[in-house]
Amino acid sequence: MRSVDEQLTRVLGAAVRPSPVRVAISEAQGLLCAEEVVAERALPGFDQAAVDGYAVRSVDVQPATDSPVVLPVVGEIAAGSRQPRRLQPGQAVRVVTGAPLPTLADAVVPLGYTDGHPAKVTVTMSVPSAAFVRRTGEDVQTGDVAVRTGTTIGSAQVGLLAAVGRDKVLVHPKPRVSIICVGDELVDIDRTPGPGQVYDVNSYALAAAARDAGAEVSRVGIVPGDPRRLREVVEGRLLLSEIVVVAGGVGGSGGDEVRSALAELGDLDTTRVAMHPGSAQGFGRLGPDAVPTFLLPSNPMSALVVFEVFVRPLIRTALGKANPYRRMVSARLLSPLTSTKGRRGFLRGQLLRDSGNDDFLLQPLGTSGSHLLASLAEANCLAVVDEDVTDVGVGEEIQVCFLAQRG
């Protein structure tokens with residue numbers, strides 16, 4: 001039986017990052033920048049008013065510290081104005097926020113420092129040079145790197161790209177993940193199950209998990225248990241995917257046929273991993289491009305846990321994330337918890353905060369049964385129990401992996 005860490009090393013060793021692509025900045029959010037974006041223009045591109053008020057020469061209003069200064073208002077400049085204007089000594093020009101400053105003006109007197117008169121403004125407080133002015137290049141100079149390689153593009157980066165005039169950016173794209181479910185007993189959710197039939201849960205649940213991890217997902221859906229048909233479907237998806245996930249491909253005599261059929265496409269290793277739930281699983285690199293391919297249990301609870309432990313880190317690595325794992329914290333148990341000796345346990349729970357000291361608390365959910373999907377839906381974490389531990393008592397500390405957080 002292979003350890004979790006050994007299996008994870010094999011999986012992450014197969015990670016392949018898709019080649020960078022150029023996309024519109026509106027489509028780049030959440031992706032890693034694959035280029036150094038150099039600003040071809042300054043930001044701001046011109047001296048502009050930071051507040052509504054009057055553009056002046058600071059030297060002309062310096063006496064206002066002791067007594068009010070009256071200046072003639074010789075015009076008004078709106079935001080977006082392209083009409084050049086020159087300020088003469090002893091004059092003021094009314095400006096709104098974002099308006100370009102007239103030549104010779106080096107400061108803006110806010111409206112609150114004046115009486116607001118449209119023709120002869122009385123200034124009651126002086127301002128120093130550059131006060132309430134956004135200087136050319138104050139934010140970004142021409143030639144500066146606006147967004148660096150490896151930066152995750154969020155809303156601020158999208159805004160900065162737009163501000164420096166970039167409509168497209170080179171990014172590392174989302175890895176394409178195909179989700180396939182195998183089983184003659186499966187029916188889609190738009191049909192009523194007959195005797196011995198069950199709804200296809202895995203293709204929907206695993207597709208959602210892959211999207212949450214950051215992948216571009218193709219939910220292929222149900223494929224009958226015929227090995228030849230499955231091989232044809234998987235072979236086609238290998239040409240269109242960076243990762244392929246097959247649920248229902250392990251366990252029983254039917255699983256033997258599935259594994260045998262897929263092994264014709266490449267190196268496929270099926271084994272038991274020292275974990276619960278989800279011990280029986282498979283992983284290999286199939287097709288001419290050696291695409292990482294997973295065989296997951298048919299049980300939805302087990303399939304989701306195996307996905308969380310192995311497939312999600314592979315997706316995050318393919319995205320270029322420096323740390324592909326979820327956040328781990330230490331929490332005190334509120335109820336006793338049991339685990340299987342010799343296997344690392346990934347057990348459902350709710351993570352809470354102690355109102356007294358803000359420590360993390362863990363309330364285990366349900367039993368250790370691998371078929372209990374409802375309790376996983378209530379869980380916001382997985383308690384991780386070491387292989388050599390079978391019982392954890394109330395008040396003891398345990399490592400917990402967040403599920404509720406995205407990213």
Side-chain angles (χ1 to χ4, degrees), residues 15-52 55 77-84 95-101 108 130-177 207-218 240-243 312-327 402 404-407:
V16 177
R17 184 184 296 183
S19 299
V21 296
R22 194 167 297 279
V23 301
I25 60 173
S26 58
E27 303 299 322
Q29 188 170 3
L31 302 178
L32 288 186
C33 186
E35 64 172 321
E36 297 280 287
V37 179
V38 177
E40 297 180 358
R41 62 189 68 186
L43 180 66
F46 54 89
D47 290 350
Q48 59 184 256
V51 296
D52 292 353
I77 303 177
S81 172
R82 290 180 290 178
Q83 187 73 28
V95 291
V96 299
T97 304
L101 293 191
V108 173
F132 304 103
V133 173
R134 300 168 184 161
R135 288 295 187 187
T136 302
E138 181 180 287
D139 198 353
V140 178
Q141 294 278 353
T142 301
D144 283 353
V145 177
V147 180
R148 298 190 178 279
T149 300
T151 300
T152 299
I153 297 178
S155 56
Q157 287 73 29
V158 170
L160 183 55
L161 288 167
V164 298
R166 288 291 295 269
D167 63 336
K168 293 184 178 180
V169 63
L170 195 68
V171 296
H172 294 289
K174 298 178 180 181
R176 297 168 297 172
V177 176
R211 278 190 292 269
D212 181 74
E216 178 183 325
V217 181
S218 293
L240 303 170
S241 310
E242 277 74 49
I243 300 170
R312 189 179 196 278
L314 181 62
I315 292 173
R316 304 295 285 174
T317 300
L319 280 167
K321 301 295 184 181
N323 180 7
Y325 305 109
R326 299 232 196 217
R327 182 186 175 195
F402 276 113
Q405 286 184 266
R406 182 188 176 96

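Values below: every heavy atom of this structure, side chains too, minus hydrogens, waters and symmetry copies. Residue indices begin at 1 and follow the sequence shown.
For the atom pair Asp52 CG and Phe132 CZ, the distance stands at 12.0 Å (nearest 0.5 Å). Atom CG of Leu101 sits about 7.0 Å away from atom CZ of Arg135, to the nearest 0.5 Å. Atom NZ in Lys174 sits 9.0 Å away from atom CD in Glu27 (nearest 0.5 Å). Taken to the nearest 0.5 Å, the CG atom of Leu43 stands 7.0 Å off from the CG atom of Leu160. The CD atom of Gln141 sits 14.5 Å away from the CZ atom of Arg41 when rounded to the nearest 0.5 Å. Here Thr152 contributes atom OG1 and Gln29 contributes atom CD; the two are 11.0 Å apart, rounded to the nearest 0.5 Å.
Evaluated for a side-chain contact (heavy atoms from CB on, under 4.5 Å) with Glu36, the options Leu170, Thr151, Val145, Val147 yield exactly one hit, Val145.
Annotation for Ala49 and Val95: closest pair CB-CG2, 3.8 Å, computed over non-hydrogen atoms. Taking all atoms of both residues into account, the shortest heavy-atom contact from Pro324 to Pro313 is CB-O, 3.5 Å. Heavy atoms only, all atoms of each residue included: Ala79 and Thr97 are closest at CB-O, 3.8 Å. Of all heavy-atom pairs spanning Cys33 and Arg148, the tightest one is CB-O, 3.6 Å. Annotation for Thr142 and Ala42: closest pair OG1-N, 3.2 Å, computed over non-hydrogen atoms. Minimum interatomic distance between Ala210 and Val217 (heavy atoms only, all atoms of both residues): CB-CG2, 3.5 Å.
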Evaluation steps, side-chain contact (heavy atoms from CB on, under 4.5 Å), between Asp139 and Arg134:
CA-CA 9 Å; Asp139 198 353; Arg134 300 168 184 161; over 6 Å; no
side-chain contact (heavy atoms from CB on, under 4.5 Å) between Gln83 and Ile77: does it pass, once the steps are laid out?
CA-CA 8 Å; Gln83 187 73 28; Ile77 303 177; over 6 Å; no
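Judged purely by atom type and a 3.5 angstrom limit, Arg316 has no side-chain atom pairing as donor or acceptor with the backbone of Asn323.
Using a 4.0 Å cut-off between charged side-chain N and carboxylate O, Glu242 and Arg176 make a salt bridge.
The shortest side-chain heavy-atom distance between Pro175 and Leu319 falls under the 4.5 Å cut-off. Counting heavy atoms from C-beta on, the side chains of Pro100 and Gln48 never come closer than 4.5 Å. Two residues are said to be in side-chain contact when any heavy atoms from C-beta on lie closer than 4.5 Å; Leu32 and Val171 fail this criterion. Counting only heavy atoms from C-beta outward, the side chains of Pro44 and Glu138 approach each other to under 4.5 Å.
For Glu40, the CD atom is loosely surrounded, since the number of other residues' heavy atoms within 6.0 Å does not exceed 12.
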